[in-house]
Amino acid sequence: MLDAIGCTEMSAMLRGAAAQIRDNHELLGKLDSVGGDGDHGITMVRAMSHLEKAVDAASGKDLKSLLHDVGWGILGVDGGATGPLLGMFFMGMSEAAEDIETLDALGLTDAFEAGLAGVRAQTKAQPGDKTMVDALVPAVMAAGCAAEDGGDLLSVLRDAANAAAAGAAATKDMQARFGRARNIKELSIGTPDAGATSVSLIFAGFLKGVEANG
Amino acid sequence: MLDAIGCTEMSAMLRGAAAQIRDNHELLGKLDSVGGDGDHGITMVRAMSHLEKAVDAASGKDLKSLLHDVGWGILGVDGGATGPLLGMFFMGMSEAAEDIETLDALGLTDAFEAGLAGVRAQTKAQPGDKTMVDALVPAVMAAGCAAEDGGDLLSVLRDAANAAAAGAAATKDMQARFGRARNIKELSIGTPDAGATSVSLIFAGFLKGVEANG
Amino acid sequence: MAMKKLVNKPENLVQELLEGFALANPGKVALEGSNLVVRTTPKLKDKVALVTLGGAGHEPAMSGFVGEGMLDISVPGEIFAAPGPPRVVEALRAANRDAGVLLIVLNHAGDVMSANLAMGMAKKEGLNVKQVLTHEDISGGPRSNPDERRGLVGCLPVIKVAGAAAEQGRSLDECLAIAERMEANMATLALAVSGATHPSTGDVIATIADGEMVVGMGQHGEAGGGTQSLKSADETTDIMLAALLEDLQVKAGDELFVVLNGVGSTTLMELYLVLRRAGQILESKGIKMARTLVGEFLTVQEMGGFQMCIGRLDDELKALWDAPCNSPALTVK
Amino acid sequence: MAMKKLVNKPENLVQELLEGFALANPGKVALEGSNLVVRTTPKLKDKVALVTLGGAGHEPAMSGFVGEGMLDISVPGEIFAAPGPPRVVEALRAANRDAGVLLIVLNHAGDVMSANLAMGMAKKEGLNVKQVLTHEDISGGPRSNPDERRGLVGCLPVIKVAGAAAEQGRSLDECLAIAERMEANMATLALAVSGATHPSTGDVIATIADGEMVVGMGQHGEAGGGTQSLKSADETTDIMLAALLEDLQVKAGDELFVVLNGVGSTTLMELYLVLRRAGQILESKGIKMARTLVGEFLTVQEMGGFQMCIGRLDDELKALWDAPCNSPALTVK
Ligand SMILES: Nc1ncnc2c1ncn2[C@@H]1O[C@H](COP(=O)(O)OP(=O)(O)O)[C@@H](O)[C@H]1O
Ligand SMILES: Nc1ncnc2c1ncn2[C@@H]1O[C@H](COP(=O)(O)OP(=O)(O)O)[C@@H](O)[C@H]1O
Ligand SMILES: [Mg+2]
Ligand SMILES: [Mg+2]
Ligand SMILES: [Mg+2]
Ligand SMILES: [Mg+2]
């Protein structure tokens, strides 16, 4: 039973996310090459190795520092739009973990919400604009609902992962209004958004990470 | 009966050469594109329009000036190797026409020989090296033989044209040792030389020119 | 279109190209810190410093603009990807001085996010930094909607005039005002005739059919604008220049610069044809082609095409344009 | 490979490109007489003048080298075709002066014939002219057989040092000796990875299969040297530099310049990788990479590839290399 996420559990979640991305990076590159420049796969792989480096180095640190170092590491990935967006997600989570040793279900959803706020401070993209926001918003909302309904940490993570996957899948029928793919207009319809797919992989990885650990 | 070549007859010969080149310039470009840069057709067309301009402007001038102006005009064509070679052919002919009003068979072959000397001063290419020299040398030799055998002007021109054509055809089996085609070495074997083909067209045109005129 | 590039391991590409770039310009630039590109002879500390950031793969941009009369520091990113905020902050700190630092940012999502985050951090640290955003690509949308307009080769004129102003000892606010005036008075349109490949992934980053061309193509092969039949140099110039003059509301008597930026495989020969035609059009309209710049400044790998950038000049901007500079990509005596 | 070029009527191509070229460099060059490219601020008459000739289509070469510290007059020919002797003579007459005129000729049949005829005419007229021939392409044959070696981008170092010497007021014989010393001490090898099209005819002027490259390709797509599998930047550099060092018999302690001349669609990025590797190799052999020049100087339309040119420098040549110059294609402060 998983009833609190401390540094160990968060590290497992983060490594789970990295594994998911690495296993699917070719797909990510392909999705990005339709309307973008095809580099999203390699950028995400680099981001995840920065993430893992931060996790490796963080042993003994508190949650806030762990998440801060992960966010800062991803910000330093020199990854175009992805770096700041994803980096600020973890920077936001880090801020929510101020003075907190472990997260329960509500604490985790608070952290996710703060991460989302970190992302949304970087971009005007709204749900429906075919960006990673389309996976992130439903994931965070689903996590919040699960927690408010009294769900445990695993169900919070499961609902979040499912919602992220559904959100990413739904971007297939959308027309891109942000990112490079915006420029191909209606031609962007028919392919899921690369960044949204990454987010869904990250949330799937969070779940797998704690499951494997538990 | 053609028994002397004055300015009128030489003009007809020159125009005949221009017509032949113009009718076949695409072939010339194609031949040059195998081992060279494919510009021989357009270069020759430009050379011939310089030639015609000189002929047009030469009315009333003597043979020497006519041929000099044609040669100088072709030298001014900015045509890579072709301009100097062909230009110096006519410059050479012009020198041989010093103080001469009309050419008989022997006079014409002398002029051709002087033209050949003009060309050979520009290049070390020998017969067998797959250049215009391979058409020019036999043409000039055949003209000389015909004249020495007492042939008339038409038979001199006919023998020269036939020899030039045979010389050009024989370049097909040669390996280029001069000009850009030299660089493709044995790959140049199998295609006749562009410049030699031009020379054979020019001699064919000389003949047609006087035939049409006479 | 298979990739035919002379590269080594993709993961080392940017590191290696920066080392070669520094080696190619030993008297002008050097690498410092986490691959910041700096001048070998720094500007005096009592003058405003200029910093920029941007993805690699566009050589000579942006690091080729580092030098006397131009930039002080460039922060190169990965291929086509902006550097993250940490290195931008590092650059702002390295450039920091009482006179202040002007950060020049091209409007691309990643660059803007990195710049904004870095500016926020720098200001928290008490650094005297200001920012100017270039977004002169008219294919993005109307002038009233600047967010949608990308920053293309117009960064070069902005860097040139702001860099000259800084060299003259103008204040940060003055440099900013000059950069913004130049920015507000220019317009760019990009043409693509053939595609390119991504040097790390090998992916085709734009495909353009035989006999076609795209007006309004972005700097990374992002489509946009209109696909149309390939046209002559004159016709293409007519189309592009008309759009630019309209967007910038250029009037008879105005003085313009014209920058033609080859993006890769398009030859100088072609750019000269385009410039010739542009000169004819402007003359016929009573507009003065006061300054020109033709070359490869901000490339998109081996893509075929060019960016046409025009800008309205006043006497001060002309004088700044003419001021000396000495950078790998542009030297004015 | 269909041609995708922005051109107008082929028969006007050279005229139009020259007009655009002059428009792009108004403070530097102008067209005079029958399209001779001259400086806008001529060199003093008591100094030796430098003249060159060469086909168009290789922009910025050769006319881009006209300017202070470089050439006085360039005689551009047609696309890939040398100008005829009449215009070369016109240039020699225009450059004529008591100090003398140095004609710089690249070893290509047409150029050499035109130059020789023009030199003959000029001497008959009593002009004080001398000639230097560049032929540093090692793919043509051994050093002992200079006739077979083409003149490639090595013309640029020769023009640079001879131009600087002329600017310093050195005599015609001294300028000639300097040009010949530089010429005798350099070696070039060209690499092609992708082909190009002829801008007037539209013909493909070289085809190189996917996954292949050609070492020793000529300046107009003439094949030569060896077709081999496409290699990494490092491996390619190793092969080319080894051949050049061998040909020039370079020894530890020698000081070299390295010029990397992109011929069209190969990016600066790639050239930087090559330079980086060249620097490593030279360092490991105790050879000094004393000067470098990386860019597009003598192009072959949109061909992919580059020319690597190395040359042995002595103190005098180094000083001449560093002297200021101001031409469209190269400016040294
Ligand atoms: N302005 C933006 N707002 C939100 N998300 C964006 C924005 N720009 C890009 N993205 C997301 O980033 C993804 C592309 O990431 P990536 O390819 O790594 O960056 P880049 O576009 O710089 O090459 C897109 O699929 C989209 O989800
Ligand atoms: N050095 C040379 N000596 C003799 N003939 C030559 C030489 N170089 C070229 N040619 C002739 O010129 C022809 C090519 O002419 P053209 O294509 O007009 O010139 P370029 O080679 O300058 O493009 C060749 O087919 C050959 O006959
Ligand atoms: Mg991308
Ligand atoms: Mg040819
Ligand atoms: Mg290029
Ligand atoms: Mg180019």
Side-chain angles (χ1 to χ4, degrees), chain C residues 2 4-9 13 16-21 23-26 56-57 59-60 64 68 191 193-194 199 208 210-211 213 230-234 236-237 260 264-277 279 289 292-294 296 299 301-302 304 306 324 326 331-333, chain D residues 2 4-9 13 16-21 23-26 56-57 59-60 64 68 191 193-194 199 208 210-211 213 230-234 236-237 260 264-277 279 289 292-294 296 299 301-302 304 306 324 326 331-333:
Chain C
K4 295 201 95 171
K5 285 186 192 170
L6 299 160
V7 287
N8 300 308
K9 288 207 188 120
L13 179 53
E16 292 179 352
L17 88 85
L18 289 174
E19 287 173 17
F21 168 67
L23 213 50
N25 299 283
E59 289 64 36
E68 177 207 330
L191 174 86
V193 300
S194 60
I208 303 169
D210 274 5
M213 64 183 201
L230 186 66
K231 304 204 168 40
S232 72
D234 284 358
T236 305
T237 307
L260 298 181
S265 56
T266 288
T267 57
L268 268 179
M269 175 192 86
E270 292 159 90
L271 298 182
Y272 291 146
L273 263 55
V274 170
L275 187 71
R276 170 184 171 276
R277 178 63 170 185
M289 189 158 79
T292 58
L293 209 46
V294 178
E296 291 185 356
T299 64
Q301 297 292 313
E302 74 278 27
F306 68 94
N326 198 13
T331 302
V332 174
K333 282 208 159 195
Chain D
K4 295 201 97 172
K5 285 187 191 168
L6 300 161
V7 287
N8 300 308
K9 289 208 187 118
L13 179 53
E16 291 178 355
L17 89 84
L18 290 174
E19 287 173 18
F21 169 66
L23 213 51
N25 299 284
E59 289 65 37
E68 179 206 329
L191 173 86
V193 299
S194 61
I208 303 168
D210 274 6
M213 65 182 199
L230 186 66
K231 304 204 168 40
S232 73
D234 283 357
T236 305
T237 307
L260 298 181
S265 57
T266 288
T267 56
L268 269 179
M269 175 193 85
E270 291 159 272
L271 298 182
Y272 292 145
L273 262 56
V274 170
L275 187 72
R276 169 184 171 276
R277 179 63 172 185
M289 189 159 79
T292 59
L293 208 47
V294 179
E296 291 185 354
T299 64
Q301 297 292 311
E302 75 277 25
F306 68 93
N326 197 11
T331 302
V332 174
K333 282 210 156 191

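Every value quoted in this text rests on a predicted model; they were computed, and no experiment measured them. Per chain, numbering begins at 1; letters A, B, ... match sequence-line order.
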Smallest separation among heavy atoms of C:L17 and D:Y272, with atom names: O-CB, 3.5 Å
Without swapping roles, check the side chain of D:T292 against the backbone of C:A24 for a donor-acceptor pair under 3.5 Å. yes
Side chain, backbone, both or neither of D:L191 within contact of chain C (heavy atoms, under 4.5 Å): side chain
Counting only heavy atoms closer than 4.5 Å, note whether D:K9 contacts chain C via side chain, backbone, both or neither. neither
Tell me, do D:L271 and C:E59 make a side-chain contact under 4.5 Å, heavy atoms counted? no
Tell me which of these, C:L13, C:L273, C:V193, has more heavy-atom pairs under 4.5 Å with chain D than the rest. C:L273
Assess whether a salt bridge exists between D:R276 and C:E16, defined as any Lys/Arg side-chain N lying under 4.0 Å from an Asp/Glu carboxylate O. yes
Can you say whether D:L18 sits under 4.5 Å from chain C via the side chain, the backbone, both, or neither, judging by heavy atoms? neither
Identify which part of D:P324 has an atom lying under 4.5 Å from any heavy atom of chain C, answering side chain, backbone, both or neither. both
Hey, which of C:M213, C:M289, C:M269, C:K231 has the most heavy atom pairs under 4.5 Å with chain D? C:M269
Per the side-chain contact (heavy atoms from CB on, under 4.5 Å) rule, which among D:N8, D:V7, D:L6 passes with C:D234? D:N8
Quick one: what part of D:T331 sits under 4.5 Å from any heavy atom of chain C, side chain, backbone, both or neither? both
For a quick test of reading the model, state the closest non-hydrogen atom pair linking C:E270 to D:K5 and the distance between them. OE1-CA, 3.2 Å
D:L23, part contacting chain C, at a heavy-atom distance under 4.5 Å: both
Minimum heavy-atom distance between D:S194 and C:K4, given as atom pair plus value: CB-CD, 4.4 Å
